[in-house]
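One structure is given below, represented as structure tokens, and several questions about it will come after.
Here is how names work: the chains are called A, B, and so on, in the same order as the sequence lines, proteins then strands, and each is numbered from 1. Computed from a predicted model, the values in this text were never measured in an experiment.
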Number of protein chains: 2
Amino acid sequence: MTGQVRTVDGRVAGRRGQATRQKLLECLSEMLSTSPYRDVKVIDVARMAGTSPATFYQYFPDVEGAVLELAEEMAKEGATLTDLVAGRNWVGKPAWAAAEDLVEGFLSFWRKNDAILRVIDLGAAEGDKRFYRIRMKILNAVTNSLTDSIKELQDKGRVDKWVSPAAVAGSLVAMLAAVAAHQKGFQSWGVKQAELKPNLALLVHLGVTGKKPTK
Amino acid sequence: MTGQVRTVDGRVAGRRGQATRQKLLECLSEMLSTSPYRDVKVIDVARMAGTSPATFYQYFPDVEGAVLELAEEMAKEGATLTDLVAGRNWVGKPAWAAAEDLVEGFLSFWRKNDAILRVIDLGAAEGDKRFYRIRMKILNAVTNSLTDSIKELQDKGRVDKWVSPAAVAGSLVAMLAAVAAHQKGFQSWGVKQAELKPNLALLVHLGVTGKKPTK
DNA sequence: CGACTATCTGACGTTGTGTCAGTTTCTCTG
DNA sequence: CAGAGAAACTGACACAACGTCAGATAGTCG
């Protein structure tokens, strides 16, 4: 373990230090969900946390650095997503349940962490390796597991040989992430929240098994 | 038509004004594709355009305002996407071709405009109605057309009744957008660019028709 | 040319950044 | 429990960017 929370100048932080650091992260998180990323300022975060900007800089090099920290924190928790796909059976009725659970879990995870996730997405899209790595870390569990499932079906001849399990899995996961990020957007296509889930599950099921689900 | 390019204080811009305004937009675009959105500064854009910041503020209220302009500009051009889906036949072999063309066109459009598009995506995800509207405008053509195609198949009994055409179409389009935004990302799942396209087309085909394609 | 308008910009007050030296607060030992 | 030493915090500062406005400059037309 790397463990050990450190200040910017390399010192190891003690109890009190950890606490303010954490508080700063919380306020940053709050800030991110209430104002556009571009407008999040060190000075505001510090003010909200009841400290001075100088204190902020003791723990983080800049806003981006703190965001990365927040992201890393969430990525750890995001290991939850593994449970949504681990050891699932993608044949017959269980497959439909698997698809439904995956969609449900994914959407709710995203809804809970939308503010950070959209910043991570931006950073990754901009080509920042650090954000990119974190995005990977979060999605990897799901993607790899789906890839394996598809590969398995493929070996059994239930999925065409020319299909690339990784490409399909990756695309499905990207779809889930994108839909989750723009959940509200769907309402103005006249799509209700409740309606969205089964249709996503359908697409996941189709993608993985190549067949319509048997409910 | 609203037409008429105006300065921030409401005056109508003349020939020279239009030119510098356009130059500023071009430089902004350049800037967006070379540095993170958060770091794009008015002063840099102005410098690059060989003018002063004050001039920038004559034409745009702030960076965001200029980005919106850029986005609107691109959205007009993005009507191209309509051609990818208009009047396509989603049955049999033509369906596969339709899916392939849609994917190809979508990815290349995204690649060409990735810088703005990711900012639009961020703005929309943050709940900014203006960005949201533009994102809509770009995706609407494709989504609506796909929705209609699915509805048609549904009326003919080729797609299950419980399927929501709008939800499926929206999700597929979101998938295309997300994959396009993270095209590079796929390479590290070990997915090659060339491999990606047919697999995306497969997913689109499956989503629209509910069946495996007949190549 | 001269007057009129469109366009540009220097200069400025304000806000935010990032650093450092010095102060405050905590902790632990003698 | 004093007080030394370490940990944590912050005021103050130099610098960068913002956004405004009055005035300078450039273009146009009689």
Side chains of residues 163-179 of chain A: which donor-acceptor partners sit under 3.5 Å, not counting sequence neighbours?
unit_1 : atom_1 : unit_2 : atom_2 : d
A:S164 : OG     : A:A167 : N      : 3.2
A:S171 : OG     : A:A167 : O      : 2.7

Base, backbone or nothing for each nucleotide of nucleotides 3-22 of chain C, written B, S, -, heavy atoms under 4.0 angstrom, 5' to 3'? ----SBBB-----SSBBB--
Please tabulate, one pair per line, all N/O donor-acceptor pairs under 3.5 Å involving side-chain atoms of residues 65-73 of chain B, not counting sequence neighbours.
unit_1 : atom_1 : unit_2 : atom_2 : d
B:E72  : OE2    : B:K137 : NZ     : 3.4
B:E73  : OE2    : B:Q22  : NE2    : 3.3

Distance-only donor-acceptor hits, side chain of residues 145-153 of chain B, under 3.5 Å, sequence neighbours excluded:
unit_1 : atom_1 : unit_2 : atom_2 : d
B:S145 : OG     : B:V85  : O      : 3.2
B:T147 : OG1    : B:T143 : O      : 2.7
B:S149 : OG     : B:W90  : NE1    : 3.4
B:S149 : OG     : B:S145 : O      : 3.0

By the salt bridge (charged side-chain N to carboxylate O under 4.0 Å, His left out) test, which pairs, at least two apart or in different chains, include something from residues 114-132 of chain A? A:E64-A:R130, A:D114-A:R118, A:D121-A:R135, A:D128-A:R130
Please name all residues satisfying ring pair (Phe, Tyr, Trp, His ring centres under 6.0 Å) with A:Y59, sequence neighbours left out, ordered by chain then number. none
